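Remarks on the structure that follows.
Remember, it's 1-based here, ligands and their atoms both numbered in the order they're listed. Quantities reported herein were computed from a predicted structural model and do not represent experimental measurements. Residue numbers count from 1 along this sequence.
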Amino acid sequence: MKNCPICNGRAVGRVGTDQYYCWNCLIEYDINSKIYEVEEDGSLTSV
Ligand SMILES: [Zn+2]
């Protein structure tokens, strides 16, 4: 499991292939540490 690139925490869950969700930051990120905000409708916005 890859730590969160923002808080470096381990409170993360896998949500897809090479994609993770941080419960601390409420963001998703991928294996390249590219960060996405999760919109209310569930879509992702690149940050
Ligand atoms: Zn985090």
Requested in this report: Show your reasoning for whether side-chain contact (heavy atoms from CB on, under 4.5 Å) applies to Leu44 and Val38.
Outcome: CA-CA 5 Å; Leu44 298 179; Val38 183; 3.8 Å; yes
Report task. Using a cut-off of 2.8 Å, find all protein N, O or S atoms closer to the Zn ion (ligand 1) than that distance. Result -> Cys4 SG, Cys7 SG, Cys22 SG, Cys25 SG
**Report entry** Pairwise side-chain contact, Asp18 with Asp30, heavy-atom cut-off 4.5 Å (strictly under)
**Finding:** no
Requested in this report: With sequence neighbours left out, write down each residue that passes side chain to side chain contact (heavy atoms under 4.5 Å, CB included) with Ser46, or none if nothing qualifies.
Outcome: Lys34, Tyr36
Requested in this report: With sequence neighbours left out, write down each residue that passes side chain to side chain contact (heavy atoms under 4.5 Å, CB included) with Glu40, or none if nothing qualifies.
Outcome: none
Report task. Work out which heavy atom in Lys2 is nearest to a heavy atom in Tyr20; give both atom names and the distance. Result -> CB-CE1, 4.3 Å
Run the side-chain donor-acceptor check on residues 5-16: report pairs under 3.5 Å with partners two or more places apart or on a different chain.
unit_1 : atom_1 : unit_2 : atom_2 : d
Arg10  : NH1    : Asn3   : OD1    : 3.4
Arg14  : NE     : Gly16  : O      : 3.3

